[in-house]
There are 2 protein chains.
Amino acid sequence: MAATLKDVAALAGVSVKTVSNVVNGYGFVKPENRRRVEEALATTGYRPHLGARNLRRGRTGFIALVLPELSIPYFGELAALVITAAQRRGWNVLIEQTQGTRDRERSALTAMGPHMIDGAILSPQALATEDFAAFHREVPLVMVGEHAVDVPIDHVAIDNVLAARTAVGHLAGIGRRRIAAIGQNPHRGTASLRLEGYRDALTEAGLPLLDDLVVTAMEYHRHDGAEAMRHLLARQEPPDAVFCFNDLLAIGAMRAAVEHGLRIPEDLAVVGFDNTEESAYSIPSLTTIAPDKSAIAEAAVDLISRRGTAAAEDATFPVQDIQTPFTLKIRESTVARTTQLRRRGPEA
Amino acid sequence: MAATLKDVAALAGVSVKTVSNVVNGYGFVKPENRRRVEEALATTGYRPHLGARNLRRGRTGFIALVLPELSIPYFGELAALVITAAQRRGWNVLIEQTQGTRDRERSALTAMGPHMIDGAILSPQALATEDFAAFHREVPLVMVGEHAVDVPIDHVAIDNVLAARTAVGHLAGIGRRRIAAIGQNPHRGTASLRLEGYRDALTEAGLPLLDDLVVTAMEYHRHDGAEAMRHLLARQEPPDAVFCFNDLLAIGAMRAAVEHGLRIPEDLAVVGFDNTEESAYSIPSLTTIAPDKSAIAEAAVDLISRRGTAAAEDATFPVQDIQTPFTLKIRESTVARTTQLRRRGPEA
DNA sequence: TTGAAAGCGCTAACAA
DNA sequence: TTGTTAGCGCTTTCAA
């Protein structure tokens, strides 16, 4: 059996308080006692029971990370970074997968319960404003990506409008005239923002806005991108470029285009969004918006931490809306590599 | 403040025991009392404090999943499935990332502590036999993939030798004569097994074993595959096929080959291992060994569960070594698609 | 500086 | 059928 504080105290011939003091580095302990306690600690191989400690301290040591699914590369990469950031602050991360359904997103919020976690980071897909009513105020909450407009909740994201405008501006800049967009979705706030940026860029470039070239995607998987692309290719006048609202859609779109016999980027230029690791190695490699994922993870965990502290101090700490930086990675799907192809691998 | 059992009892005018009975569905409760308790439960919005419950029950409600990194597609996909399987048995999953280093793998085992978790599933990369000494027997442990030979620990994996033999047999079957292998690694048991299968297949096909065509990879990222491929292409007589020990290596290898001006599969056929989602959409799509990841996740969680129960019953439950099924997905990287290219997307 | 003891929220043995 | 109560392992007040 694992040793308890009591066992250690008995072995060292002191009280549990003394052992606790040694373990936690509190107060002054008589050198002789300290020595004996440390010895007892070593021989018993004592390890504190975190559950009991947290029960007593009224903190749990956990934060929840609520996301659609870990097997989606963007979320896998984000989760890896969140876990690392959380660990630095002494938190373990509980991951809850929702498949992006409203039901499961809501139940994740309630099921975790306030006892279970010190805070939650969520990347919702379908959650509506009213769903927050029940949960809000129990523990610090921060939204990553999507933003529930009407609820005062901390939020971390890149400037989606600007990012989309940058991506589409790049396509216009390399001379594309019929630029399509894949990923419109009435239920996703970020989709509207990206669409807005797309439109801004077209207008800026003096290109017409053709509704025909905007394709909706209910889900953002590779499959959906391929399907959307096939629709576009069936048009009378197909596009000469396409801006996809995430990398998976772009990968699927490229696949469908190539199956259709098109050359990328000559016949069709493609831009993605997320800069998942996959995008740097795809053939052709994918031009994409690269959000600073570390910055997102760091900011989210930091907000949980600060709001937790702020609550304790009863300070009023205004709702935060943090914008993290991004860049545009220009790769082969928009600008063919001619020379130097043989010598260099894709940039990271 | 969140309501406790006591609050509910007070409100309903009964004892905590009665409330507990209702909450846990134990025993018989007088209908009248049940009604009042349920009402009190609803008005207070009572939610059990899982930490306290587990402290009392002597279980933690957590299992650990120790893996190199969540951003690696195979592990992201596996983690998604493990979490789902664990949830069905009432467990939350704590993910520990080790970057595949022995140090962090070891510390994951000890840091989690026996109090924190009811069991652990690990997918080690560098852990040595002696590292298990300290941890073993504290909680149920199951290894996924790599296998520590000398330690009696439950293990779940596919038949790596057979899988590799199948993959390489396929390459020989389509007429390839100079079949290379990327991924040899003295520290990985699975690498040796896959190499063994590779050799078996060559022998079976009457092909010579050329040491020249076996390339070591310390890491299994896309980058390493590209680098290994460049080495192979620098050989006097380059290979006409390559078997990569995972999909990422294969993706990298394809990239390097294409940059070198080769056509896949005409000049070079490529086979991967893992069937990550990416492999079905890469261009060309990747022929790969497809382990049944659900079966792996399910078996691993099941073993934790059974061994936990077995310990309680003091039954002797022999160490398990479970082999899960796999298939070979034949795709464009070995067999060019000629017709029907236009109509169908890649199969899943 | 250390000890005794209460109590975090819950479960379960025992009593009523 | 329900109530009382001890105690899971820990922290922490209060007293010594």
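Since this is a predicted model, take the numbers as computed values, not measurements. The sequence lines fix the lettering, A, B, ..., with proteins before strands; numbering per chain opens at 1.
Direction of the helix axis in the helix from C:dT1-D:dA16 to C:dA16-D:dT1 shifts by 40° between the two five-pair termini, rounded to 10°.
Nearest to the side chain of B:V29, among D:dT2, C:dC10, C:dT2, sits D:dT2. Side-chain proximity of A:H49 to C:dT2, D:dT2, D:dC10: nearest is D:dC10.
Here B:E39 pairs with B:R35 under the side chain to side chain donor-acceptor pair (under 3.5 Å) rule; sequence neighbours left out. Under the rule for a side chain to side chain donor-acceptor pair (under 3.5 Å), the partners of A:Q87 that lie at least two apart in sequence or sit in another chain are B:E96. For B:R89, the salt bridge (charged side-chain N to carboxylate O under 4.0 Å, His left out) criterion is met by B:E298, B:D302, not counting sequence neighbours. With sequence neighbours left out, the side chain to side chain donor-acceptor pair (under 3.5 Å) criterion links B:T84 to no other residue. Residues forming a salt bridge (charged side-chain N to carboxylate O under 4.0 Å, His left out) with A:D274 (at least two apart in sequence, or on another chain): none. Qualifying salt bridge (charged side-chain N to carboxylate O under 4.0 Å, His left out) partners for A:D103, counting only residues two or more places apart in sequence or in other chains: A:R106.
In this structure, the ring of A:F62 has its center less than 6.0 angstrom from the ring center of B:F62.
Here D:dC8 presents its C1' atom at 15 Å from CG of B:L50, a figure rounded to the nearest Å. Rounded to whole Å, atom P of C:dC10 lies 9 Å from atom CG of B:D7. Atom CD of A:E32 and atom C1' of C:dT1 are 14 Å apart (whole Å).
No engagement by B:N54 is indicated, since no non-hydrogen atom pair under 4.0 Å with the nucleic acid exists.
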Which atoms of nucleotides 11-15 of chain C (N or O only) lie under 3.5 Å from a protein N or O atom, and what are those distances?
unit_1	atom_1	unit_2	atom_2	d
C:dT11	OP1	B:R53	NE	2.5
C:dT11	OP1	B:R53	NH2	3.2
C:dT11	OP2	B:S20	OG	3.4
C:dT11	OP2	B:N24	ND2	3.4
C:dT11	O2	B:R56	NH1	2.6
C:dA12	OP2	B:Y26	OH	3.3

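Sorted by first then second residue, the salt bridge (Lys or Arg N to Asp or Glu O under 4.0 Å) pairs that include residues 63-79 of chain A, not counting sequence neighbours, are A:E77-A:K293.
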